[in-house]
Amino acid sequence: MRKLIVLGSLNMDMSIETDRIPMQGETMHGKDFLMNTGGKGGNQAVAAAKANTLTYLIGKVGSDVLGEQVLKDLSQYGVHTDYVHTSKQESTGLAMIIRCNHDNRIVLHAGANYDITIDEVKDSLHNIAKSNDLFLTQLENPYSVVKEALSYAKGLGLTTILNPAPAQKLEDEVYQTLDWIVVNESECEVLSGIYPDEEHHIQALQWFLEKGCNVIITLGEHGSIACTKHEQYRIPANKVETLDTTGAGDTFIGAFCKCLCENQDITDALQYASYAASLTVSRYGAQCAIPTHEETYEYMLKHTL
Ligand code: ATP
Ligand code: RIB
């Protein structure tokens, strides 16, 4: 069976709800504080592992109580953490999240996520990877490490997927190491200069395709669009009561990778990912909100009958 190897960030998320975004210099009350394990790398790995995919994580935490908690949670969700390293000098990554009007704003303290080295990543990949496995990463680790890791993974014969978040422009040579890129609307705009509103869907998809990789653009409550050399796809989002969008994109990506590992048809994979992500937004938190395969499957059955 193909397995998923994720190189990515591990954070403790401190999340609080507000009625509006505080103004400059203002202190205001929030509500429904929640602390739970997050980080794009961790969340995407957990989404795949909860969906019954053999999942390994390469990352770094601090030698502190938050790092211990992060590792405990990841293991409990079924992620293999043998290649999560511990930093001697940096503390575990932190994300301060403000939830407001069914959306979020996030400030990161990278901490140990920025302390990972390319040698640690290459050694880990050398030990875990078999040709044909999947390699998934984001941009919450140092860009230089992610870039070289993608090239190394490609050289090992892995299928590579990048979620370029937080967004920054990529060089052409990075696109050449990618099989898939998965962006949300704002990431799409930063990378391509095209905001993917309805009338620019095709143009945005085409832009990434011309760079040399397959592309998925997630559109929040409007679902997702995707394109390979052979086909275009459009998947609507499922209607749910939105409580917390944290980790929606991560769940989508982890669930999509599960389906790629199982060599599923792309339409089925996008649909499965969309059902899983809609369950996440109907719950509070990041990793604690991500559904298991059984939950997603049951939800799909209920909505497709
Ligand atoms: P985040 O950064 O909040 O984790 P994102 O911005 O990376 O998410 P989105 O495009 O917001 O990603 O969402 C990813 C997918 O999650 C969407 O394609 C959709 O399938 C699902 N989704 C997001 N928001 C909603 C919603 N309000 N209702 C139903 N499904 C949603
Ligand atoms: O995508 C959501 C994640 O982004 C949060 O869990 C937070 O830790 C940040 O990395």
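Just follow the structure's listing: the first ligand is 1, and inside any ligand the first atom is 1. When reading the values below, keep in mind they use all heavy atoms of this one structure, side chains included, and skip hydrogens, waters and symmetry mates. Just so we're clear, the structure is a prediction, and the values are computed from it rather than from any experiment.
- Remark: ligand 1 and N184 share an N or O pair separated by less than 3.5 Å (distance only, no angle test).
- Considering backbone and side-chain N/O atoms, A277 never comes within less than 3.5 Å of an N/O atom of ligand 1.
- Atoms of ligand 1 lying under 4.0 Å from at least one heavy atom of N104, given by number and element, are 3 (O).
- Taking only nitrogen or oxygen atoms, main chain and side chain alike, G223 reaches within less than 3.5 Å of ligand 1.
- The nearest heavy-atom contact from the protein to atom 8 (O) of ligand 1 is G249 N, 3.2 Å.
- Residue T218 has at least one nitrogen or oxygen atom sitting less than 3.5 Å from a nitrogen or oxygen atom of ligand 1, judged on distance alone.
- Annotation: atom 19 (C) of ligand 1 to nearest protein heavy atom, G220 O, 3.3 Å.
- Atoms of ligand 1 lying under 4.0 Å from any heavy atom of L219, numbered from 1 in the order shown and given with element: 10 (O), 18 (O).
- Counting heavy atoms from C-beta outward, K258 and H293 have side chains that approach closer than 4.5 Å.
- For the pair F208 and S192, the minimum side-chain heavy-atom distance is below 4.5 Å.
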Go through it in stages, so that I can follow the logic: the residues are R283 and D244, the test is salt bridge (charged side-chain N to carboxylate O under 4.0 Å, His left out), and I'd like the CA-CA distance, side-chain angles, deciding distance and then a yes or no. CA-CA 6 Å; R283 301 165 176 177; D244 179 2; over 6 Å; no

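- In summary, the atoms of ligand 1 found under 4.0 Å from a heavy atom of V240, numbered by their order in the structure, are 28 (N), 29 (C).
- The closest approach between any non-hydrogen atom of G39 and ligand 2 is below 4.0 Å.
- Salt bridge status for E198 with R234: present, with a side-chain N to carboxylate O gap under 4.0 Å.
- In this structure, the protein non-hydrogen atom closest to atom 9 (C) of ligand 2 is E140 OE2, 3.6 Å.
- Residue G247 has at least one heavy-atom neighbour below 4.0 Å for each of these atoms of ligand 1: 4 (O).
- The presence of a protein heavy atom under 4.0 Å from atom 2 (O) of ligand 1 is ruled out.
- For ligand 1 and A237, the ligand atoms under 4.0 Å from any heavy atom of the residue are 29 (C), 30 (N).
- Nearest protein neighbour of atom 27 (N) of ligand 1, counting heavy atoms only, is T242 OG1, 3.1 Å.
- Side-chain contact between I216 and F256 is present, with at least one heavy-atom pair separated by less than 4.5 Å.
- Polar contact check, T245 against ligand 1: a nitrogen or oxygen pair lies under 3.5 Å apart.
- Heavy-atom proximity to E221, at under 4.0 Å, picks out these atoms of ligand 1: 24 (N), 25 (C), 26 (C), 27 (N).
- Near S278, with a cut-off below 4.0 Å to any heavy atom, the atoms of ligand 1 are 29 (C), 30 (N).
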Evaluate D133 against R2 for salt bridge (charged side-chain N to carboxylate O under 4.0 Å, His left out), listing each step before the verdict. CA-CA 5 Å; D133 284 343; R2 297 171 91 185; over 6 Å; no

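- A donor-acceptor pair is defined here as one N or O able to donate and one able to accept, closer than 3.5 Å; no such pair exists between the side chain of T81 and the backbone of S75.
- Protein heavy atom at the shortest distance from atom 8 (O) of ligand 2 is D13 OD1, 2.6 Å.
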